[in-house]
**Student:** 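The structure follows.
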2 protein chains.
Amino acid sequence: MNRTIVDNQQDRLQEKLQKILGTSGRVSGGCPTRNILDRFSDKWSILSIFHLGNAGTLRFNELKKRIDGVSQRMLTVTLRNLERDGLVSRRVYPEIPPRVEYELTELGYSLLVQVIDLGEWATDHSDQIMNARQRYDMREHSPMLVN
Amino acid sequence: MNRTIVDNQQDRLQEKLQKILGTSGRVSGGCPTRNILDRFSDKWSILSIFHLGNAGTLRFNELKKRIDGVSQRMLTVTLRNLERDGLVSRRVYPEIPPRVEYELTELGYSLLVQVIDLGEWATDHSDQIMNARQRYDMREHSPMLVN
DNA sequence: CAGCATCCGCTAGGATACTG
DNA sequence: CAGTATCCTAGCGGATGCTG
């Protein structure tokens, strides 16, 4: 194994981590990184971005049909938050019955590229993770985690 | 703008999205992608991975000091889940006082690479997002979102 | 030091009913 | 069709106290 190449990759990672975590090496509560990341730790944001990225433009109920299990309420809340953050555009057509079309903005697309890689990683490694979970659960562990 | 290059990039994205979302174009509840992604939608997992990736090896309280605001309980729960998924290794030294060291596994590092890019994106675009939020909040919106 | 155990508030998020 | 409005609950996650 070529140590130099590995070390270079390591250095690149460290560099990026410094940038993310800040010079203090801590990510405080008011920190922008934390703030943004928290936005995507809800149940439906990432999924919405995937589907909008895949379909291009979708009406409300079209999107709802594609995201299995999402309630009307939560899809509305999710889309409003994404719109607020400038990641999704919402176009209302004043017709009867009403038509509303959602689409990723340019900023939304730039995020899509990142989360796609994360999604791909999840797909590629899901077997490994499931196996690890099974192996872990085989052994005894403290009661706290049984629940 | 070169349409061909753009189109090629588009095709790559579409390809990956198909892979993630599955042939049906839907991500059902039992889907592995959903399952994995849900694991990182908690408050502290990503942050723990960042800090472990940055420091290499950390004891429990060292890590706790670096993650601002995390409670002892939640750090324990988070680390156990990461250990269960095979992303973090936990080594206990039978000393008094006890010493426990946490470190990313190889699998954990492969994930780190992905989330670093996401973190970098968040850092780079936080201003844009904050501005979008302010602009959105300036205008009137439905009462539902005022809360 | 590195944790469990317990209590407990808050809120994300589901179910349902109603509307422009 | 695309939402609101309201009600309600599971469980995330904080505070505190105790242990090997």
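A note on names: the letters A, B, ... follow the listed sequences, proteins ahead of strands, and every chain is numbered from 1.
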**Student:** Which pairs, protein N/O on one side and nucleotides 11-16 of chain D N/O on the other, fall under 3.5 Å?
**Tutor:**
unit_1: dG13(D); atom_1: OP1; unit_2: K43(B); atom_2: N; d: 3.4
unit_1: dG13(D); atom_1: N7; unit_2: R73(B); atom_2: NH2; d: 2.8
unit_1: dG14(D); atom_1: OP2; unit_2: S71(B); atom_2: OG; d: 3.2
unit_1: dG14(D); atom_1: O6; unit_2: R73(B); atom_2: NE; d: 3.4

**Student:** Could you tell me which residues satisfy salt bridge (charged side-chain N to carboxylate O under 4.0 Å, His left out) with K43(B), sequence neighbours excluded, listed by chain and number?
**Tutor:**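 With sequence neighbours excluded, K43(B) shows a salt bridge (charged side-chain N to carboxylate O under 4.0 Å, His left out) to no residue whatsoever.
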**Student:** Could you tell me the separation between the CG atom of L63(B) and the P atom of dC1(C), rounded to a whole number of Å?
**Tutor:**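 Result: 15 Å.
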**Student:** Applying side-chain contact (heavy atoms from CB on, under 4.5 Å), can you list everything that pairs with S89(B), at least two apart in sequence or on another chain?
**Tutor:**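 In terms of side-chain contact (heavy atoms from CB on, under 4.5 Å), with neighbours along the sequence ignored, S89(B) is linked to E103(B), T105(B).
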**Student:** Over how many whole Å does the gap from N81(A) atom CG to dA12(C) atom C1' extend?
**Tutor:**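 So the CG-C1' distance, N81(A) to dA12(C), works out to 12 Å.
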**Student:** List for me each residue that meets side-chain contact (heavy atoms from CB on, under 4.5 Å) alongside E62(A), sequence neighbours excluded, and say none if there are none.
**Tutor:**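 Residues passing side-chain contact (heavy atoms from CB on, under 4.5 Å) with E62(A): L58(A), R59(A).
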**Student:** W121(A): what forms a ring-ring contact (aromatic ring centres under 6.0 Å, His included) with it, not counting sequence neighbours?
**Tutor:**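 W121(A): ring-ring contact (aromatic ring centres under 6.0 Å, His included) contacts with H125(A).
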**Student:** May I have all residue pairs that pass ring pair (Phe, Tyr, Trp, His ring centres under 6.0 Å) and include part of residues 64-114 of chain B, sequence neighbours excluded?
**Tutor:**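 Every candidate ring pair (Phe, Tyr, Trp, His ring centres under 6.0 Å) pair involving residues 64-114 of chain B fails, so no pair, neighbours aside, qualifies.
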**Student:** For a quick test of reading the model: is some side-chain N or O of R80(A) closer than 4.0 Å to OP1 or OP2 of dT4(D)?
**Tutor:**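 So the side chain of R80(A) is within the cut-off, an N or O lying under 4.0 Å from OP1 or OP2 of dT4(D).
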**Student:** Got a sec, which residues hit salt bridge (charged side-chain N to carboxylate O under 4.0 Å, His left out) with D38(A), two or more places apart in sequence or on another chain?
**Tutor:**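 Applying salt bridge (charged side-chain N to carboxylate O under 4.0 Å, His left out) to D38(A) gives none.
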**Student:** Can you name the residues that form a side-chain contact (heavy atoms from CB on, under 4.5 Å) with R84(A), not counting sequence neighbours?
**Tutor:**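 R84(A) satisfies side-chain contact (heavy atoms from CB on, under 4.5 Å) with R133(B), Y136(B), D137(B) once adjacent residues are dropped.
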**Student:** Carefully, step by step, assess R34(B) and D68(A) under the rule salt bridge (charged side-chain N to carboxylate O under 4.0 Å, His left out).
**Tutor:** CA-CA 10 Å; R34(B) 271 280 278 282; D68(A) 192 50; 5.6 Å; no
**Student:** For the helix from dC1(C)-dG20(D) to dG20(C)-dC1(D), how many degrees between its two end axes (five pairs per end), to the nearest 10°?
**Tutor:**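 That helix gives 50° between its end axes.
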**Student:** What residues form a salt bridge (charged side-chain N to carboxylate O under 4.0 Å, His left out) with R39(B), not counting sequence neighbours?
**Tutor:**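 Partners of R39(B) under the salt bridge (charged side-chain N to carboxylate O under 4.0 Å, His left out) test: D42(B), D85(B).
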**Student:** Using salt bridge (charged side-chain N to carboxylate O under 4.0 Å, His left out) as the criterion, list what pairs up with E101(A), not counting sequence neighbours.
**Tutor:**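 For E101(A), the residues satisfying salt bridge (charged side-chain N to carboxylate O under 4.0 Å, His left out) (neighbours in sequence not counted) are R99(A).
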**Student:** Can you check the L79(B) CG to dG3(C) C1' distance for me, whole Å?
**Tutor:**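 Rounded to the whole Å, the gap is 11 Å.
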**Student:** Measure the distance from CZ on R59(B) to P on dG3(C) and round it to the nearest whole Å.
**Tutor:**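 Distance, rounded to whole Å: 10 Å.
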**Student:** Quick check: are there more than 12 heavy atoms from other residues, nucleotides or ligands sitting under 6.0 Å from CD of E95(A)?
**Tutor:**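 Enclosed.
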**Student:** Whole Å only: how far is the CG atom of L58(B) from the P atom of dC1(C)?
**Tutor:**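 From L58(B) CG to dC1(C) P: 15 Å.
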**Student:** Strictly below 4.0 Å, heavy-atom distances to any atom of DNA chain C: list the hits from residues 90-104 of chain B, or just say none.
**Tutor:**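 Under 4.0 Å from DNA chain C: R90(B), P97(B), P98(B), V100(B), Y102(B).
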